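Side-chain atoms are counted along with the backbone in the values below, which use heavy atoms only and exclude waters and symmetry mates. None of these values were measured; they are calculated from a predicted model.
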Amino acid sequence: MTRGEAHWQTLPDEVQETLRSYLKDVSALFGANLQAVILFGSAARGDFLPGRSNLNLLLLVEKQDLESLGRYAKGHRRWAREGIVVPLVVTETDLRPWPEIFPLEYLDLRRHHVVLAGRDPFVQTEPDPNRLVSECVQEMRGNLLRLRQRVLEGGASPEVVQLLLPMSVTALLACLRGLAYVKGTRAPRSTEDLLAGLPSVIGIDCEAVTEAWRVKTGVSSPGTFELPRLLERYIATVEQLAERAPNLVAGGS
């Protein structure tokens, strides 16, 4: 049993039933053109939060067909109400260059996915560490730019920080998993395991990131006085991560 399949079995019964119903519908919509249906994201990583997390899916098709995409689009509103976001619809040709052009996204899919139907397209290629680190740095710095901009737009109020921190840390986690991979760390079983091991992987204190994750999961609810301080510590930590990341590649200084 793969890691993703084990996490699939822990999903609430109603979520599993939603996915089974979805699978039946998309199989009818795409017919023989559909080669695989892949579940990825939090539901495949074991981070799924009922009522908070979305369901992410990839549809592997033999060829792109606007007619079948149009049929799907007409019915997606129903699935959106069930927490299913618009799927990635790709061909084998689309996927082939992903390890080079989207190494971070590809790594997450490669290591955490569940084949709901069809064949597994993520069985061999691993991303190049240098490309992976480069994308991690780009994503982390972009994350900080967006975070600062949105804090300003919201007047830097504690309520805005409470909203934005979970969004930022959710995007950051993919980068942290990528850096752990580059360092040669065994794939963490959960986000908690990933965050607990970060100091030894990255070499810096990442408690602010852990606290932001606790806000995201509802475990922690800092007061209005503490939230701005947490934001400052979180931003400083992500800046350190972005600066330290290139040194994780073998041979880096």
Side-chain angles (χ1 to χ4, degrees), residues 6-16 18 39-56 80-85 104 108 112 136 139-180 187-242 244-245:
H7 292 320
W8 154 264
Q9 294 183 359
T10 68
L11 292 175
D13 291 343
E14 60 270 23
V15 174
Q16 294 189 38
T18 293
L39 176 70
F40 66 99
S42 61
R45 287 194 303 268
D47 293 333
F48 186 82
L49 301 173
R52 297 191 184 192
S53 297
N54 292 318
L55 293 166
N56 304 96
R81 290 195 295 267
E82 300 292 334
I84 294 177
V85 300
L104 189 56
D108 201 38
H112 305 284
C136 285
E139 288 296 319
M140 287 188 287
R141 295 205 178 279
N143 189 329
L144 288 179
L145 286 173
R146 292 187 296 272
L147 178 59
R148 289 190 176 103
Q149 182 182 36
R150 290 168 181 169
V151 167
L152 287 174
E153 289 173 348
S157 69
E159 293 78 14
V160 167
V161 175
Q162 179 87 33
L163 177 66
L164 294 178
L165 260 182
M167 295 171 59
S168 178
V169 76
T170 298
L172 178 66
L173 289 175
C175 298
L176 301 183
R177 286 188 288 268
L179 296 180
R189 294 179 61 86
S190 66
T191 295
E192 288 76 12
D193 291 339
L194 171 69
L195 296 175
L198 271 182
S200 61
V201 172
I202 310 296
I204 62 175
D205 180 5
C206 297
E207 180 59 27
V209 176
T210 300
E211 289 184 36
W213 172 250
R214 290 170 181 158
V215 173
K216 154 78 176 178
T217 57
V219 173
S220 175
S221 298
T224 56
F225 180 75
E226 181 57 31
L227 272 169
R229 293 186 175 186
L230 173 57
L231 177 64
E232 290 178 355
R233 292 190 292 115
Y234 174 83
I235 288 175
T237 300
V238 179
E239 288 176 339
Q240 283 186 286
L241 287 167
R244 185 70 59 91

Side chain proximity check, L144 to I235, heavy atoms < 4.5 angstrom: yes

Min side-chain heavy-atom separation V15-P50 under 4.5 Å: no

Heavy-atom closest pair, residues A43 and F48: CA-CB, 3.9 Å

A174 to L104 - nearest heavy-atom pair and separation: O-CD1, 3.2 Å

Residue pairs, two or more places apart or on separate chains, that pass salt bridge (Lys or Arg N to Asp or Glu O under 4.0 Å) and touch residues 145-157: R148-E239

Residue pair N54 / S42: nearest heavy atoms and the distance that separates them: O-OG, 3.8 Å

Spatial distance of atom CG (L147) from atom CG (L165) [nearest 0.5 Å]: 6.5 Å

Close side-chain approach of R177 to D108, heavy-atom, < 4.5 Å: yes

CZ on R214 to CD on E211, rounded to 0.5 Å: 6.5 Å

Residue pair T191 / T217, side-chain heavy-atom distance below 4.5 Å: no

Set of side-chain hydrogen bond (donor to acceptor under 3.5 Å, both in side chains) partners for N143, sequence neighbours left out: S168

Atom of L195, atom of P199 and distance for their closest heavy-atom approach: O-CD, 3.7 Å

Heavy-atom pair with the smallest gap, counting every atom of V160 and G154: CG2-O, 3.2 Å

Under 3.5 Å donor-acceptor, R244 side chain and I202 backbone: yes

Test log, rule side chain to side chain contact (heavy atoms under 4.5 Å, CB included), inputs T237 and D205: CA-CA 8 Å; T237 300; D205 180 5; over 6 Å; no

Pairwise distance CG(L164) to CG(L231) - rounded to 0.5 angstrom: 8.0 Å

Non-hydrogen side-chain atoms of M140 and L179 separated by less than 4.5 Å: yes

Side chain proximity check, R233 to L230, heavy atoms < 4.5 angstrom: yes

R52 side chain vs K216 backbone, donor-acceptor pair below 3.5 Å: yes

Y234 side chain near V161 side chain, heavy-atom distance below 4.5 Å: no

Results of salt bridge (Lys or Arg N to Asp or Glu O under 4.0 Å) for E159 - residues two or more places apart only: none

Contact summary for Q162 and P222, nearest pair of heavy atoms: OE1-O, 4.2 Å

Heavy-atom check, side chain of V209 versus side chain of L176, under 4.5 Å: yes

